[in-house]
Amino acid sequence: MPHGGRDSPSRSSYNRGTMKLRFLIVPALVLSLPGPASAVQKGKTSPPPQKPFTVVEATILEMRLAMEMKRTTSREIVLQYLTRIATYEGQLNATITVNPNALKEAEERDRERAAGKIRGPLHGIPVALKDNIHTTNMKTTGGALAFDGFTPGYEATLTKNLRDAGAIIIAKTGLTELANWVAAGMPANYNALTGYGMNPYDPRRDPREANFDGRPVLTTGGSSSGIGTAANFWAANVGTETSGSILSPANQNMLAAIKPTVGRISRYGIIPITADQDTAGPMGRTVTDIAVLMGALESAAPDPNDAATKACVAPPGRDYTKFLNPAGLKGARIGIPRASFYDQTPVPGQKEPRGGLNPEQAKAMTEAITILQQQGAILVDPADIPSIVTEDPASSFLTWGVCGGLDNGKGKDAECSVVLKYGMKRDFNAWLKTLGEAAPVKTLTELRTWNVAHQKAGAIKYGQAQLDISDEMDVQMDRSRYQADRAKDIRLAATEGIDAAMKKHNLDALLFPGPSSAGIAARAGYPTVLVPFAFVANVPFGGPPGGAAPRNPFPAGFDPKPGPYGVGFTGMACSEPKLLELAFAFEQATKRRVPPASAP
């Protein structure tokens, strides 16, 4: 079976390092565990021994409390996580880089705690960053061969914020190469440096002939990775999203996540696609964890390096946990956007309807809606989005796609939005300039040329159509086209889209199945909070709603395991506090997250 880059020199050396790490860590962990209880004095009864603290499924608040009560230390927490990475990384491929100084940093946090110095809400807590986020103590590659071994000269604003909050950045996670703007059809969580990430809920490779290139049988989602958080490699992680890249992996790995309002978190020091839609956001095992991480990611004041950070005002103390109300659903007005997102919907000018859920997804969402009603929410059903149900092709979100692939190159892109391909040319080149002389390539054109010259080394296995159509854009000459398309994106996604539906029905949120809000909310720049909820059958891609026979079925005798499926609460700009309140109340009423059996 093809291994999709896992045998590249960088991955092979990493595997050797992981094996070495395993032999170093496991004995150290054994030595750090409490020894047998001392002999009990005759005639006296000692209290039952306290169970050792374990990081498996532990929340951030539980880790903080355990350290405060001296049940554990940051060093012991990091050691347990490193041991899990050494044990399960070989089958899951969740990381690009593991911080070689993580234990030293943990020991420093422990010394600070002992001296009465607590940096912030993540003091001594290990988190991971997507490998398109700058760190100066670890390489930042975007998963691209051209950036293998590259360490930037400055840190991302959010990286500094995390360190200031006391976090230990234990690793850089895998990702779809350059946040999935390299090739049309590249599998989620594939990159040329480390190959394919595997879903811990079914960590097998796809056996079907058409997909027999090493990719996972159960998609991991992308372009961010939720693999390591799901498998308890660290407490939580930070992803980035342009359109779906936080929500999709969170959904596929049974995680909670916040895709924030664009500008809520600084993008300075993050490899971009387009500033119009890019954002970082937290991914974790519980809504409380992502609320804590969200506050640490956000800056106390606007970042002078990112003008969009003026969009929202941070809550007092950047504390999102105060919005976590278990009764938050009572009286909340929640809309159900049936058309397209739940039910098949006619598309102006096209013969076939589009969208809808398969039977298992529909069953899960019906149950979710029932729970919302039981918790006192006021459901507006349907609360369809005007730009989805319109019969006017010029005003239909469904007929206004994102230009992607060679079929949407120059001269063939009149019926789609050029915002992403234009933004990539503009913002990627601007980012490269911030790297100075250390930049491995100086322009997008140089990157494309480098990739072609290094195909035998593993570059562009799936081509580079997205880079090609971006590079043919002229930032000056095509600006008016970009501006017109950006205005149409906002009109269809926000003004005549989410805004119109929410204002008409006076809603607190719209409820979307899984990560399906990603496309429309991303173009509007609006937030979504996703909560893990159910499992549904792994229906092969292309399987239609209604239960008809799927395309490209699995071979006889192969039993695909079901995949996680969440629900998303979406609102207008800067509505994260209300969305977190709703999501937390739903989570507390359901508590459906189940850890993956592959990484006990």
In terms of side-chain geometry, is the basic nitrogen of [X] or [Y] positioned less than 4.0 Å from the acidic oxygen of its partner?
X      : Y      : result
Arg593 : Glu57  : yes
Asp148 : Lys139 : yes
Lys160 : Glu155 : no
Arg111 : Glu108 : yes
Glu62  : Arg71  : no

In Å and rounded to the nearest 0.5 Å, what is the [atom1] to [atom2] distance from [X] to [Y]?
X      : Y      : atom1 : atom2 : value
Ile246 : Ser225 : CD1   : OG    : 12.5 Å
Ser266 : Asn161 : OG    : CG    : 8.0 Å
His123 : Ile60  : NE2   : CD1   : 14.5 Å
Thr97  : Met138 : OG1   : CE    : 7.0 Å
Phe584 : Leu582 : CZ    : CG    : 12.5 Å
Leu579 : Thr528 : CG    : OG1   : 7.0 Å

Which residues share a side chain to side chain donor-acceptor pair (under 3.5 Å) with [X], sequence neighbours left out:
X      : value
Thr141 : Asp131
Asn137 : Glu105, Arg163
Arg264 : Glu298, Tyr320, Glu576
Glu581 : Asn325, Lys578

Under 6.0 Å between ring centres: does that hold for [X] and [Y]?
X      : Y      : answer
Phe569 : Phe512 : no
Tyr196 : Tyr190 : yes
Tyr154 : Trp431 : no

Have [X] and [Y] got a donor and an acceptor in their side chains that come within less than 3.5 Å?
X      : Y      : result
Glu89  : Thr95  : yes
Lys130 : Thr173 : no
Lys172 : Thr140 : yes
Thr229 : Asn237 : yes

Considering only heavy atoms from C-beta outward, does the side chain of [X] approach that of [Y] to under 4.5 Å?
X      : Y      : result
Arg285 : Leu255 : yes
Leu178 : Ile273 : no
Val127 : Ile170 : no
Leu175 : Ile96  : yes
Thr157 : Ser299 : yes
Asn538 : Lys561 : no
Ser223 : Trp181 : no
Asn251 : Leu530 : yes

How close do [X] and [Y] get, heavy atom to heavy atom, and via which atoms?
X      : Y      : value
Leu218 : Pro562 : CD2-O, 4.1 Å
Ala235 : Met63  : CB-CE, 3.8 Å
Pro126 : Trp234 : O-CB, 3.7 Å
Leu92  : Ala231 : CD1-CB, 3.7 Å

With a cut-off of under 6.0 Å to the ring centre and 45° to the axis, is Arg208 in cation-pi contact with Phe554?
yes
Residues Asn199, Thr220; criterion side-chain hydrogen bond (donor to acceptor under 3.5 Å, both in side chains); working and verdict
CA-CA 5 Å; Asn199 193 310; Thr220 60; over 6 Å; no
side-chain contact (heavy atoms from CB on, under 4.5 Å) partners for Glu68, two or more places apart:
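Per chain and number, Glu68 pairs via side-chain contact (heavy atoms from CB on, under 4.5 Å) with Arg64, Leu65, Arg113.
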side-chain contact (heavy atoms from CB on, under 4.5 Å) assessment of Thr288 paired with Leu324:
CA-CA 7 Å; Thr288 302; Leu324 304 182; 3.7 Å; yes
Would you list the pairs meeting ring-ring contact (aromatic ring centres under 6.0 Å, His included) in which at least one residue belongs to residues 156-177, sequence neighbours left out?
none
Identify which one of Asp303, Asp278, Asp306 satisfies the salt bridge (charged side-chain N to carboxylate O under 4.0 Å, His left out) criterion when paired with Arg267.
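Testing Arg267 for a salt bridge (charged side-chain N to carboxylate O under 4.0 Å, His left out) against Asp303, Asp278, Asp306 leaves exactly one candidate, Asp306.
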Test salt bridge (Lys or Arg N to Asp or Glu O under 4.0 Å) on Lys461 and Asp213; report intermediate values, then the result.
CA-CA 10 Å; Lys461 177 177 179 175; Asp213 57 5; 5.0 Å; no
Can you establish whether the number of heavy atoms outside Lys322 located under 6.0 Å from its atom NZ is more than 12?
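Above 12, so yes.
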side-chain hydrogen bond (donor to acceptor under 3.5 Å, both in side chains) between Gln252 and Thr219, worked out
CA-CA 7 Å; Gln252 289 298 126; Thr219 180; 5.1 Å; no
